[in-house]
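Input: a single structure, listed below in structure tokens.
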There are 2 protein chains.
Amino acid sequence: MALPASAKPLRSDAERTVRAILEAAERVLSANPAAPMEQIAEAAGVARTTVHRRFASREALIAALAAWATQRFHDAVEAARPDTTPPAVALYQVTANVLHVKIGWRYAMGALPTDSPEVARVHAAVLAQCERLFTRLRDAGLLRPDTDLDWARRVYYALIHEAAAESPDTDAAVDALATRVVDTLLRGIGVLAGR
Amino acid sequence: MALPASAKPLRSDAERTVRAILEAAERVLSANPAAPMEQIAEAAGVARTTVHRRFASREALIAALAAWATQRFHDAVEAARPDTTPPAVALYQVTANVLHVKIGWRYAMGALPTDSPEVARVHAAVLAQCERLFTRLRDAGLLRPDTDLDWARRVYYALIHEAAAESPDTDAAVDALATRVVDTLLRGIGVLAGR
DNA sequence: TGAACTTGCAACACTGATGTTGCATGTTCT
DNA sequence: AGAACATGCAACATCAGTGTTGCAAGTTCA
């Protein structure tokens, strides 16, 4: 009996509570994915029953959290206009934007095995976007012509994931990380001379 | 009251049971980390009480599983003789060996937040081994002189992790994966010409 | 101001997982 | 063969987490 994020307009009051719960859930669950609802409520500064009023079940809460983070993820990718800016620029911009989201919503972005309709749809969209970007990169001569685009994408995701583990605090640090990710992705860590 | 792997010699009988439980735990938990002991017992073909006889608690079982996988991990690295073979050969060989272990013990290698004394010790040893190997690679002129060795190591781990997601079935497929990992690590996915 | 809504609190029911014990039946190993 | 050990089974005790309800007190908002 909770609102799946689309029912009736909430009172400003309740809206703040929902946000507080989602943010608390992110913090608590990223530290311990098996943490009980009690801890989440406590971290949000509300009673446990209030959490249950807003989210019918633990499952529903996690689904809402995933949906929320997924939206941020999507926005981060779109904000880079990856279809229209030069591919190298887009690659960098997407990386920096996504790093921001991954750092702030670590749990929600990691525990994504949510099979909700919208989340899956958004992820598919981002994946397609990513593939288009890599194709453009290859066509622009930035990737080797024989590049396995699926492997490339997975390596890219993995590098972002690894970089996000650093939890930088300033924007400049995030930019530095993005630079490092892009550099490593394109050049690896080996010496420059190709064999 | 279970045997932490070092108490009294088990009867051949019981030894097989322990192995069966560990292997079943790996299978079941890799599919669902929150799976109840019942499921593990069932998958191992034993009664739930037998699992509890061998492993005092769920925690103890997971710790034993981590210890077991960690040992395999260590063996995989050592078998490549990374201190004495040429660094490029060692890199490839370690990669292939570790891929084997990561593929067979996915859960155990992933859920390593076990703070047992021995597991931590072995991991530190492997980490040191890895750092030595990367230093040798750099000194051999295979890595750029200004390489951040910590980042290099983390990228390497991440690539192995990603590659292990493919679950190849033949040894040849594992070799192909290892080749891909090493290639991506050293050259990235960009075009050959250095800027 | 007052209707509608939100929250905290306390109490309760329910469920599923964990861990234990005793005993009868097998199995290992010497 | 026979002591020692292993296992399955059934039964039990606990416990933590989940989800519910009713009510009194506080908040929003028109």
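Every chain is numbered from 1 and lettered A, B, ... according to where its sequence line falls, protein lines coming before strand lines. Hydrogens, waters and symmetry mates are skipped; everything else that's a heavy atom, side chains included, is used.
Remark: B:Arg136 is not positioned above the aromatic ring of B:Phe134, lacking an NZ or CZ atom under 6.0 angstrom from the ring centre and at most 45 degrees off the axis.
For the atom pair A:Thr135 OG1 and A:Leu149 CG, the distance stands at 5.0 Å (nearest 0.5 Å).
Between B:Asn32 atom CG and C:dA17 atom P there is a gap of 10 Å when expressed in whole angstrom units. The CZ-P distance, from B:Phe55 to C:dG19, rounds to 13 Å in whole Å. Rounded to a whole Å, the CD atom of B:Glu59 is 15 Å from the C1' atom of C:dA17. In this structure, CG of A:Leu61 is placed 14 Å from C1' of D:dG17, rounded to the nearest angstrom. Counting to the nearest Å, the P atom of C:dG19 and the CD1 atom of B:Ile40 are 11 Å from each other. Atom pair A:Arg58:CZ and D:dT18:P shows a separation of 5 Å (rounding to whole Å applied). Between the NE2 atom of B:His52 and the P atom of D:dA6 there is a distance of 18 Å, rounded to whole Å.
No side-chain N or O of B:Arg121 forms a donor-acceptor pair with one of B:Ser116 less than 3.5 Å apart. Judged purely by distance below 3.5 Å, without hydrogens or angles, the side chains of B:Gln129 and B:Glu78 pair a donor atom with an acceptor atom.
For the helix from C:dT1-D:dA30 to C:dT30-D:dA1, the terminal axes (five pairs an end, C1' atoms, rotation from four pairs onto the next four) enclose an angle of 50°, given to 10 degrees.
B:Asp139 has no carboxylate O lying under 4.0 Å from a charged side-chain N of B:Arg132, or vice versa, which leaves the two without a salt bridge. Taking the charged nitrogens against the carboxylate oxygens, B:Arg154 and A:Glu166 do have a contact shorter than 4.0 Å, which makes a salt bridge. Between B:Asp150 and B:Arg153 a salt bridge is recorded (basic side-chain N to carboxylate O distance below 4.0 Å).
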field: side-chain hydrogen bond (donor to acceptor under 3.5 Å, both in side chains) assessment of A:Trp151 paired with B:Thr184
entry: CA-CA 10 Å; A:Trp151 170 247; B:Thr184 303; 2.9 Å; yes
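Checking C:dT18, D:dG19, C:dT28 against the side-chain heavy atoms of A:Ser57 singles out D:dG19 as nearest.
Close to D:dT28, at under 4.0 Å from its OP1 or OP2, lies a side-chain N or O of A:Arg16.
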statement: The contact string for nucleotides 5-16 of chain C, one letter per nucleotide 5' to 3', using protein heavy atoms under 4.0 Å with B, S and - for base, sugar-phosphate only and none, comes out as BSBBBB------
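Side chain of B:Glu26 to backbone of B:Tyr107: a donor-acceptor contact under 3.5 angstrom is found.
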